[in-house]
Amino acid sequence: MPELPEVEFARRQVAAWFGGHRVDEIVLHDERLLAHGATARLIGQRVNAVERRGKFLLVRLEEHTLVLHFKMTGKVVPQDGRRARMTVSIGGGLYDFVDTRRLGKAWVVEHDALDDATVVGVLARLGPEPWPVPLEAGVLHAQLGGTRRAIKVALLDQEVVAGVGNIIAAESLWRAGLNPASRAGDLTQAQLGTLCDAICAVCESVLAVEVGEEIAYLNDPGRGEAPNPFFVYQRDACTSCGAAIERLTQAGRTTYWCPTCQGGRR
DNA sequence: AATTATGTTGCTAT
DNA sequence: CATAGCAACATAAT
């Protein structure tokens, strides 16, 4: 279930594993991941770069780009026996796209087609990147365009800001002291500037704890006993003031928030 | 058994 | 057009 920092971590790993090598073989085990036959075009091509846009991973080969989206549970891992949806043989190693819920998607496209607004989901329409440099308040303000939607809902819109998901949105709003139900278009430049800094800081802090061979997701098996690394997400008590954390449903997702630190009920 | 889960898309209604 | 709500995709855990 990666958001921007986890996909960035995956980018670094895949760059280290694939970069500079030619694809030897790709075996597609699950045609719901990628159209049948699409991988044949990649065989023998060298991986020139591995890039990230929002939550999309872009494996740039000589003629085509392999685009990956992990959705809720996808990852690329060195082959270890888990059921794989796709196996890539490259640089003398075998790497699997594993994905418990099998919601992830992949595409093979010509480089030019990445800019086509209809080819790879929302990729060509993504908003600006909020990390590693915080967005300017004015940029976020322009992206919000005076919308009347709640700020939490707007932050989840990949066309507003790229890469922010449910946890980062909640954590950022908590750090910025903003009510998640606030009308996005009503926020001041000062509030938006604080929010931009918070989003960047949350991304940085999540990335900082991703070390080792594999992305660690909060709900992964074996992580059940690990302490919750977040300040408000899945908390019972506010880590700042101790008040009871409340939850509400916005855009079908659970928002955790502190009514004391985040502007009170509305 | 029902609910929930770091995501996106598409449909329907207002 | 803007917005909200919900189902769908698929699986596992509580």
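Throughout, protein chains are lettered first and strands after them, A, B, ... in sequence-line order, and every chain is numbered starting at 1.
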Presence of [X] side-chain N/O under 4.0 Å of [N] phosphate oxygens OP1/OP2:
X        : N      : value
A/Arg253 : B/dG7  : yes
A/Gln158 : B/dT8  : yes
A/Lys71  : C/dC9  : no
A/Thr73  : C/dA12 : no
A/Lys105 : B/dT8  : no
A/His69  : B/dT8  : yes
A/Arg32  : C/dA10 : yes

Separation of atom [atom1] in [X] from atom [atom2] in [N], rounded to whole Å:
X        : N     : atom1 : atom2 : answer
A/Leu4   : B/dT8 : CG    : P     : 11 Å
A/Leu126 : B/dG7 : CG    : P     : 14 Å
A/Leu33  : B/dT8 : CG    : C1'   : 15 Å
A/Ile151 : C/dT3 : CD1   : P     : 12 Å
A/Arg183 : C/dA4 : CZ    : C1'   : 14 Å
A/Gln250 : C/dG5 : CD    : C1'   : 14 Å
A/Asn166 : B/dT8 : CG    : C1'   : 13 Å
A/Arg125 : B/dT8 : CZ    : C1'   : 11 Å

Close aromatic pair by centroid cut-off 6.0 Å: A/Phe18 and A/Tyr95:
yes
Looking at [options], which one has an atom nearest to any side-chain atom of [X]?
X        : options              : value
A/Thr100 : C/dA12, B/dT8, C/dA4 : C/dA12
A/Leu103 : C/dA10, B/dT4, C/dT3 : C/dA10
A/Met72  : B/dA5, C/dT3, B/dT9  : B/dA5
A/Glu3   : C/dA10, B/dG7, B/dT9 : B/dG7

Report, as yes or no, whether the 6.0 Å neighbourhood of atom CZ on A/Arg148 holds more than 12 heavy atoms from other residues, nucleotides or ligands.
no
Of A/Thr147 and A/Gly252, whose closest DNA chain C nucleotide lies nearer the 5' terminus?
A/Thr147
Residue among A/Glu51, A/Arg60, A/Glu110 satisfying side chain to side chain donor-acceptor pair (under 3.5 Å) with A/Thr65:
A/Arg60
Would you say the side chains of A/Trp174 and A/Gln262 form a donor-acceptor pair under 3.5 Å?
no
Side chains of A/Cys203 and A/Pro5 in contact at under 4.5 Å (non-hydrogen atoms)
yes
Suppose we define a pair by two distances each less than 3.5 Å, Watson-Crick or G-U wobble; what does C/dC1 pair with here?
none
Could you tell me the Watson-Crick or G-U partner of C/dA10, where both distances fall under 3.5 Å? Say none if there is no partner.
none
P atom, C/dC1 versus B/dT8: distance in rounded Å?
23 Å
Mind checking if A/Val153 touches a base, just sugar-phosphate, or nothing, with heavy atoms under 4.0 Å?
nothing
Which residue pairs satisfy the salt bridge (charged side-chain N to carboxylate O under 4.0 Å, His left out) criterion with at least one member in residues 136-147 of chain A, sequence neighbours excluded?
none
